[in-house]
Amino acid sequence: MAAVLARDIPDESFALCGMHGEIGLAACLLAQRRQAPNLWFQLDGGGIINPRLPQVPHTVNDWRLADGAEAIVSGLSGMWNLTRPRLTFEFFGGLQIDRYGNLNLLEVPGLRGPGGAAGLAAARYRFTYCYLHRHDVRTFVPAVEHVTAPGNLGGSAERRAAGLLGGGPRLVVSPLGVFDFDAAGAMRVVSIHPGVDPAAVGARSGFPLDATAAPLTPHLDDEERAILAELDRDSALSAALPEAR
Amino acid sequence: VTAARRSKVVPLAQAVATIPTGARVAFGGNVNNNVALAGVRELIRQGRSGCTLIAFGQGLGADLLIGAGVVDVVHTNYIGMEHLGLAPCFRRAAGDGSIRVVDWDSLGMIMALQAAASGVPLAAVPAGIETTTWPTRSPDIYRRVVDPFSGAETFVVPPLRIDVAVLYASAADPFGNARHRGFVFWDELLAQAADRVIIVCEEVLPNEEIRAAAGQTTIPGYLVEHVVASPGAAAPGGAPPEYAADNAHLERYCAQARTADGFTAYLEQFVSEADRRDQASGR
């Protein structure tokens, strides 16, 4: 999961790794050591910028991460990085995602979530990545109950008409595969992970997702495998989710 | 005439006793780091109720206050246990309606705290809010107005007032000048937005030590009403670099507090029993 996102991260950008952002953090570290040496990234409200990490920790709010970092900005200063559309992207999780990449972190029937946090920033980001720890019809829904991080709203045209900045959701990664969005802003399959039944993707989604002709998500190359093994020495990635690597 | 400068150092119980029933209370830090949990435990031991909690990115502390019935209104953008999952009491109480939750997004809440700190009557939030759930979810705090400069529709939030902010710091001098050796998070903003500030710190330093490195003072003493020394005040959460969160404890809490009985047993074991340690006056 981290490697898939890492490969996509553009150089000369600024990433926010929010709470529970271990996967995004691993992706940033991996990208920085490969195609994106000019990537900047910030760890949540602690405001640590460009840490030099021997391994991914279990939480991004860990002061050991300050060792060798390039800056530590205040919570408030870090907050304004959420509103800079030219550079910034963020990794978002959610209780639900819908066909147009809108995310819900607030609540679903019978389950009160933690709250919407900084999802509004998705209205201004250069783009967003979404990682979902589950892939089933309750998580991949036709329309989310609450939009806490706007994606393409009812489609790309609606996002444009609403005047939102940035490009909206760029990639979605789930335990089943990798997804992006077509010109109309609807989710489509990029690849499925090795070992996943193509029919399961459609069956476990609440809206059409056709994976029958989808390629497999490329395996890690040797360098990715070596770097990720090194970063996962504390097993934070493996703990975050088994298919994280 | 030479008057002595007044020390603000008081025992924990005395500082917390100044938080009245029904007060609007905020704790600082972030989720399970730099939260003055000794203050949370003392509020519970004193049996406070009817409070409104301003919870910007909070974890165990907010969950304990909710589970113990100290608060009945919660303003929040996030209450959870980060990588350990959901906050069990918050989830239960928000689900069964035993507390009223006012849902904010992070940027709106920050703007509202800045409004409280700076005295402006309202604050505009970034465009795009109209595409989210917030204006319909929380119509009392997100209101539509016409921007007099551009003529565009925009949303504003009211000041988010705090009666008492209880903030963790690594150290402070007797006059309230506080220092964070690690993360500061949003504590400076909370201190400015609150009418009164209680600093709960690991140790009280002589004023000369603060003077020797004034640039390290994060919260100046003129904002602070009381200073409390309570070593380990942020435990079992973390206060890096002093100490890390006790993950095993937090995981056990998440499992145990899933039932009301389990939560009650936790309070008996870890809140009542921590009394002596929390009150320790340090050096």
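Here the structure is a predicted model, which means the values were calculated and not measured. Chain naming here is simple, since letters A, B, ... match the order of the sequence lines and numbering starts at 1 in each.
Atom CE of A/Met79 and atom CH2 of B/Trp186 lie 5.0 Å apart (nearest 0.5 Å). To the nearest 0.5 Å, atom CG of residue A/Leu164 and atom OG1 of residue B/Thr131 are 5.0 Å apart. The OG1 atom of B/Thr132 sits 10.0 Å away from atom CG of A/Leu106, with the distance rounded to the nearest 0.5 Å. Atom CZ in B/Phe183 sits 7.5 Å away from atom CG in A/Leu43 (nearest 0.5 Å). Here the CG-CG distance, from A/Leu105 to B/Asp105, works out to 12.0 Å after rounding to the nearest 0.5 Å. Between the CD1 atom in B/Ile79 and the CZ atom in A/Arg112 there is a gap of 7.5 Å [rounded to 0.5 Å].
Proximity to chain A is limited to the side chain of B/Asp103, based on heavy atoms less than 4.5 angstrom apart. Contact annotation for A/Val60: both backbone and side-chain heavy atoms come within less than 4.5 Å of a heavy atom of chain B. If you measure heavy-atom distances from B/Leu189 to chain A, the contacts under 4.5 Å come from the side chain alone. Of the two parts of A/Ala162, the backbone and the side chain both hold a non-hydrogen atom closer than 4.5 Å to a non-hydrogen atom of chain B. Only the side chain of A/Asp44 has a heavy atom closer than 4.5 Å to any heavy atom of chain B. Only the side chain of B/Arg137 has a heavy atom closer than 4.5 Å to any heavy atom of chain A.
Highest contact tally toward chain A, considering only B/Gln114, B/Arg92, B/Met81, is held by B/Gln114 [criterion: heavy-atom pairs under 4.5 Å]. Interface check for chain B: of the options A/Ala123, A/Ala122, A/Gly45, the most heavy-atom pairs under 4.5 Å are formed by A/Gly45. The candidate with the highest count of non-hydrogen atom pairs below 4.5 Å against chain A, out of B/Ile110, B/Thr76, B/Val101, is B/Ile110.
Of all non-hydrogen atoms in B/Leu86 and A/Pro114, the two that sit nearest each other are CD2-CD, 3.6 Å. In this structure, B/Glu188 and A/Ser74 approach most closely via the heavy-atom pair OE1-CB, 4.2 Å. In this structure, B/Pro126 and A/Arg124 approach most closely via the heavy-atom pair CB-CD, 3.9 Å.
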Between A/Leu76 and B/Phe185, is the side-chain contact (heavy atoms from CB on, under 4.5 Å) condition met? List the steps. CA-CA 8 Å; A/Leu76 208 49; B/Phe185 296 117; over 6 Å; no

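Atom CZ of B/Arg181 is surrounded by more than 12 heavy atoms from other residues, nucleotides or ligands within 6.0 Å. With a 6.0 Å radius and a threshold of 12 heavy atoms from other residues, nucleotides or ligands, A/Arg233 has its CZ atom above the threshold.
B/Ser106 places a side-chain N or O within 3.5 Å of a backbone atom of A/Ala117 that can act as its donor or acceptor partner.
Checked options A/Glu107, A/His146, A/Glu145; the residue passing with B/Thr133 is A/His146 (criterion: side chain to side chain donor-acceptor pair (under 3.5 Å)).
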